[in-house]
Amino acid sequence: MVASSQVGSSSALQDQLLYATSVNTAASLAAYAQGLAGEVYSAAVAVIAQTAQRVQQAVLTRLGDTIGIGLSNSMTSPAGNTALMASGNALLSGGLAPSAISSNPSVDLIAEYKSLTNGNVWGALAYQKGKRSSDSNSGGWNSNLYQLVFGSDMYVADNSRVGGGIALSSTSLNPTDGSGTIQQGSVFAYGKMPVEAYVVDVMASFGLNTSDLSRGDVTGLTHDFRNKSIAGNDTMVSLGVSRPVDMDNFRITPYARVTWQMVTQSGLNEGSSASALSVDSFTGHGVRGVLGIAAGSRFNDPMTEKYTYRAYVGVG
């Protein structure tokens, strides 16, 4: 608009925008100009990144700060094997196909017991409230993230764990000028294994999202602008190393973790109005490093322990 005026050119759209702007006072002009910026689109990028970070927290909670839950000595003793074989007979009488039990029932039943106690299929339900305060550059926003995570440990042996799953997320977004909803589905894989006295954990995730975003038109030239199917995706890879130290029933675990993340969002065009925006596509990536320490109960299976606890402190 300013560039056209400086070269002496003019158009009907330019005149419409100038007329709408001219009714503002010096006190209201800054907020008016901010309303033209379409901040809802950049706010959507920010909450997309938080969605994958929430999935990462669910996976890290699953992996925990311990090496893993194995069979206790009592379950690998002859008496334990006898009890498991008795359970196997009960399973057979209950209708389990004989072909499902091998010629060495004690081995198979120990594996079954381990699968049940470790809970190889798991899930998590999370709600996360987000708030970005306004400043001289942005109007700020509030967000509400609802997330379901389903996972399964595909392989559990020798204190190692490998698995994967899916996550379904919905985020409501309320910036100063506009509103939106972001739906995302993602798949992820994870693993953990001991290396000497250390534990190494890895995770990778990829998500596809679609955003329904709208913003009001401060010029009054249109009612509002809405784009229902803005596509995007999110990719994350993380690597962590920890060193559990046991003291009776208490465990302290120093850890370090590095995470790489990339977020993309497609471009869009709001239309032909004088106040409509043409928004470029976005691709951003970054690396986050964290050093910290976890402390908690050594045995953390809530199905067998009277209580469990865990606390973290770190710097990123």
Side-chain angles (χ1 to χ4, degrees), residues 52-78 80-81 84 106-107 109-124 149 151-165 188-205 235-261 286-316:
Q53 293 162 20
R54 183 65 256 172
V55 175
Q56 182 188 38
Q57 290 302 312
V59 171
L60 291 178
T61 299
R62 174 62 179 174
L63 295 178
D65 61 314
T66 61
I67 294 178
I69 303 172
L71 293 175
S72 64
N73 291 334
S74 64
M75 293 311 301
T76 56
S77 65
N81 288 341
L84 289 171
S106 62
V107 174
L109 289 172
I110 287 176
E112 178 66 9
Y113 176 87
K114 186 175 182 181
S115 174
L116 291 173
T117 54
N118 282 352
N120 287 2
V121 177
W122 59 276
V149 182
S152 176
D153 300 334
M154 312 294 184
Y155 173 81
V156 181
D158 301 325
N159 295 325
S160 298
R161 188 185 301 268
V162 177
F188 59 87
Y190 59 87
K192 180 176 72 172
M193 66 177 295
V195 179
E196 300 296 336
Y198 296 88
V199 178
V200 177
D201 64 77
V202 295
M203 175 196 168
S205 71
T235 305
M236 174 183 282
V237 179
S238 71
L239 172 65
V241 179
S242 59
R243 174 65 165 86
V245 179
D246 291 333
M247 296 182 293
D248 295 329
N249 292 329
F250 188 74
R251 172 165 288 177
I252 297 177
T253 309
Y255 65 91
R257 181 167 290 104
V258 60
T259 301
W260 175 86
Q261 187 175 7
V287 176
R288 176 183 301 105
V290 177
L291 294 173
I293 187 169
S297 49
R298 181 179 175 185
F299 303 103
N300 56 12
D301 185 351
M303 301 302 292
T304 60
E305 303 302 316
K306 185 175 181 179
Y307 61 87
T308 66
Y309 58 93
R310 188 179 301 163
Y312 300 89
V313 63
V315 59

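Nothing fancy with the numbering, it's 1 onward along the sequence.
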Gap separating the [atom1] atom of [X] from the [atom2] atom of [Y], nearest 0.5 angstrom:
{"X": "Met203", "Y": "Arg62", "atom1": "CE", "atom2": "CZ", "answer": "14.0 Å"}
{"X": "Leu60", "Y": "Tyr312", "atom1": "CG", "atom2": "OH", "answer": "7.5 Å"}
{"X": "Trp260", "Y": "Thr235", "atom1": "CH2", "atom2": "OG1", "answer": "5.5 Å"}
{"X": "Arg288", "Y": "Ser238", "atom1": "CZ", "atom2": "OG", "answer": "10.5 Å"}

Restricting to non-hydrogen atoms, name the atom on [X] and the atom on [Y] that form the minimum distance, rounded to 0.1 Å.
{"X": "Ala58", "Y": "Ala124", "result": "CB-CB, 4.4 Å"}
{"X": "Met193", "Y": "Ser160", "result": "CB-OG, 3.5 Å"}
{"X": "Tyr255", "Y": "Ser242", "result": "CB-CB, 3.8 Å"}
{"X": "Pro194", "Y": "Asn159", "result": "CD-O, 3.3 Å"}
{"X": "Arg161", "Y": "Leu63", "result": "CD-CD2, 4.0 Å"}
{"X": "Arg243", "Y": "Ala197", "result": "CD-O, 3.1 Å"}

(request) Measure the acute angle between the ring planes of Trp122 and Phe188, then classify it against the limits of 30° and 60° as parallel, tilted or perpendicular. (result)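 Because their plane-to-plane angle lies in the 30° to 60° range, the rings of Trp122 and Phe188 count as tilted.
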Checklist entry - Are Gln261 and Gln56 close enough that some pair of their side-chain heavy atoms sits under 4.5 Å apart? => result no
Q | Glu305-Ser297 side chain donor-acceptor pair, cut-off 3.5 Å | A | no
Any side-chain donor near an acceptor of the partner, Tyr190 and Asp153, under 3.5 Å: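 Checked: Tyr190/Asp153 side chains pair up, N/O donor to acceptor below 3.5 Å.
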*Residue that, paired with Leu239, satisfies side-chain contact (heavy atoms from CB on, under 4.5 Å) out of Asp201, Thr259, Val258*: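 Checked Asp201, Thr259, Val258 against Leu239; only one passes side-chain contact (heavy atoms from CB on, under 4.5 Å): Val258.
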* Quick check: does any side chain N or O of Arg298 sit under 3.5 Å from a backbone N or O of Asp248, one acting as donor and the other as acceptor? ->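 Pair found, side chain donor or acceptor close to backbone of Asp248.
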* Check the surroundings of atom OH in Tyr309: do more than 12 heavy atoms from other residues, nucleotides or ligands lie under 6.0 Å from it? =>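 Yes, the 6.0 Å shell around OH holds more than 12 heavy atoms from other groups.
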Notebook entry, point to check: Is Met303 atom CE crowded by more than 12 heavy atoms from other residues, nucleotides or ligands, each under 6.0 Å away?
Noted result: no
